[in-house]
Number of protein chains: 2
Amino acid sequence: MGTVTETMVAADAREETRARIEQAALDLFTAQGFEAVTIDEVADAAGISRRTFFRHCGTKADAVWGQFDGHVVRLEGMLAAAAADQPVLASVYAAYVEVNDYAPADLPMLRQRMRLILTEPALLAHSQVRYADVDRVVAAHVARRTGVAPDALVPRLVATSTRAAATTAFELWLADGRITLGTALHQAFDELAAGFPSLRLPG
Amino acid sequence: MGTVTETMVAADAREETRARIEQAALDLFTAQGFEAVTIDEVADAAGISRRTFFRHCGTKADAVWGQFDGHVVRLEGMLAAAAADQPVLASVYAAYVEVNDYAPADLPMLRQRMRLILTEPALLAHSQVRYADVDRVVAAHVARRTGVAPDALVPRLVATSTRAAATTAFELWLADGRITLGTALHQAFDELAAGFPSLRLPG
DNA sequence: CTTGCCGGTGGCACTGGGTGTCACCTACGG
DNA sequence: CCGTAGGTGACACCCAGTGCCACCGGCAAG
């Protein structure tokens, strides 16, 4: 089915196949749960063989994460291009906002992805591996700006805690439904950068 | 071999077997890498069957994590017992320090465990699942203190970023060798609580 | 038109983690 | 002496992931 006859370079066809696999996987995982769906079922739904699934996605989890590598690369580019006189935390915040500035049409699929990632234990576990790449990029940026080693305390801490802020913003956005992703990121980074001012209010 | 003939309640014997399995696993993983060692090899080294390994440890990763559940429970207890007039961040910091106050004799094994957890991708991934429990406990504490819902922004953010600070401290302690775990935790929490003051210095 | 290369594909066998089931054995109370 | 309960080992099974090979399509060179 779906013999894509349009003029299409190999890379495009490959991308299209991968997108079809990912969509089939997302739908099945959302409907039945990540663990309950086998690769054979995803492959069947996508109209390909089990072996081809692995060639395109590499891992069951990768079918959900999709092109996350691209996000990391873009994040790296934004940090490298940040104005030199901008405060470090502000540049990290701006990069996170920009890399997560999705078109409205992409939001439903993003919700689907993130709900799975934050809900399914196996995917949550896999996230740590992906986030490690993000942390390396951010830590390198902070290290460059502050003139210390990338594996020193402050670069590492800034990287992990800003990423914590970003994922917390995602959780909030996912759970609430009314709040914007940008708003959630703004609130989270404000709290973090100011040392949690709301904890100092009379509680 | 090793017929443990001493008077020993069932629970104690079970604990002793589990400790033997964990030690064998840690040694093999350290020597050859986590992925390169099969469960059969661990089971052989521990003098038990493959099936028994799973009955005691549940998962390959659990053999490395050991009794982490106990840490979470103790952390929860410390947070519940924290003085009511203590600032929230201070109580979280104190709980993290206390729960990680290991006896000097336990430090080598802790190093072995943490090096594996922070180095091996599969174990790093698994850590996210364990940390989720920690985050729930800390977020509940913050929520109780501030009078907001546990899934609101500030409790979640405090939980994830303090945990980020703790793991960063662990990384520092592991990499340096001279710095104390307590010192690393102190530095990380200081930076976090003050909103990263060292970033405001002329860089 | 034929030949040879090449990328995507499917099939197959294999490894390895994890689970369910059953039989056995051993310790313990009646 | 018997019955039970918990730990154990052996076996069969499922599923993710990998390596290998054979096939088929297009495409360029001869």
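Naming: A, B, ... by sequence-line order, numbering from 1 per chain.
Between A:F53 atom CZ and D:dC15 atom C1' the separation is 13 Å, expressed in whole Å. Rounding to whole angstrom units, NZ of residue B:K60 and C1' of C:dG16 are separated by 8 Å. Between the CD atom of B:Q32 and the P atom of C:dG16 there is a distance of 12 Å, given to the nearest Å. Atom CG of B:D40 is separated from atom P of D:dC11 by 13 Å (rounded to the nearest Å). Counting to the nearest Å, the C1' atom of C:dG10 and the CG atom of A:D44 are 13 Å from each other. Rounded to whole Å, the distance from CG on A:D62 to C1' on D:dA16 is 13 Å. Nucleotide C:dG16 holds its C1' atom 11 Å from the CD atom of B:E35, rounded to whole Å. Across the protein-nucleic acid pair, A:I48 atom CD1 and C:dG7 atom P stand 20 Å apart, rounded to whole Å.
Out of D:dA10, D:dA16, C:dT9, the shortest distance to the side chain of A:T52 is found at C:dT9. Distances were taken from every side-chain heavy atom of B:R14 (C-beta onward) to each of D:dG7, D:dG17, C:dT9; the shortest belongs to D:dG7.
Looking at B:E22 and B:Q67, their side chains never bring a donor and an acceptor atom within 3.5 Å of each other. Side-chain N/O atoms of B:S91 and B:H141 include a donor and acceptor closer than 3.5 Å.
Ion pairing of B:D69 with B:R130 is present here, as a side-chain N (NZ or NE/NH1/NH2) and a carboxylate O approach within less than 4.0 Å. Salt bridge absent: A:D106 and A:R113 never bring a charged side-chain N and a carboxylate O closer than 4.0 Å.
Residue-to-nucleotide proximity on DNA chain D shows that, of A:F54 and B:H56, the 5′-proximal contact is made by B:H56. Comparing A:I39 and B:R50 by the nucleotide of DNA chain D whose heavy atom lies nearest to each, the residue mapping closer to the 5' end is B:R50.
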Treat primed atoms plus P, OP1 and OP2 as sugar-phosphate and everything else as base, then score nucleotides 20-28 of chain C 5' to 3': B for base contact with protein heavy atoms under 4.0 Å, S for sugar-phosphate contact only, - for none.
BB-------
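Look at B:T38 and you won't find any side-chain N or O under 4.0 angstrom from OP1 or OP2 of C:dG16.
Note on B:V42: nothing from the nucleic acid sits closer than 4.0 angstrom, heavy atoms only.
When side chains are defined from C-beta on, A:F170 does not count as touching A:L174, because their heavy atoms never get closer than 4.5 Å.
A cation-pi contact links A:R111 to A:W173, judged by a cut-off of 6.0 Å to the six-membered ring centre and 45° from its axis.
Screening B:D27, B:V64, B:I117, B:L107 for a side chain to side chain contact (heavy atoms under 4.5 Å, CB included) involving B:Q112 leaves a single residue, B:D27.
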